[in-house]
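Please read all numbers here as calculations on a predicted model, not as lab measurements. Below, all heavy atoms of this structure are taken into account, side chains as well, without hydrogens, waters or symmetry copies.
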Amino acid sequence: MRFIFIAALGLGLVGCNNTTTSEEWREVRPTSKDSRFERAKAICDGRAGETRTMAGRYWIAGAMASSSTFKACMAEQGFVQ
């Protein structure tokens, strides 16, 4: 039983390994459209995550509400799909 626990813990830690490298990140001008879009996307992802968390056990309703929140937030930020 102890071995299974240690193996599961090890797999969990491997899954948390951050594989992002510095080559994947690029700098953009603060006033560029790309930077505004990335900032808006980060803000809206956070709001959508909060909505998903509040919906809790209602998985499908939470996903739908989260999607709506993200789209509305992006529209507020000046981006439409």
| field | From I43 atom CD1 to E38 atom CD, the distance as rounded to the nearest 0.5 Å | value | 11.5 Å
| query | Distance-only, no hydrogens or angles: does the S67 side chain make a donor-acceptor pair with backbone N or O of A63 under 3.5 Å? | reply | no
| Minimum-distance pair of heavy atoms, taken over all atoms of Q77 and C44 | CG-SG, 4.0 Å
| To the nearest 0.5 Å, how far apart are CZ in R52 and CZ in F70? | 10.5 Å
| said: Quick check: closest heavy atoms across M74 and F37, and the distance to 0.1 Å? | reply: CE-CE1, 3.4 Å
| message | Going by salt bridge (Lys or Arg N to Asp or Glu O under 4.0 Å), name the pairs with one or both residues in residues 68-81, residues two or more places apart or in two chains. | response | R47-E76
| request: Indicate the atoms forming the closest heavy-atom contact of S66 with T51, along with that distance. | output: N-CG2, 3.8 Å
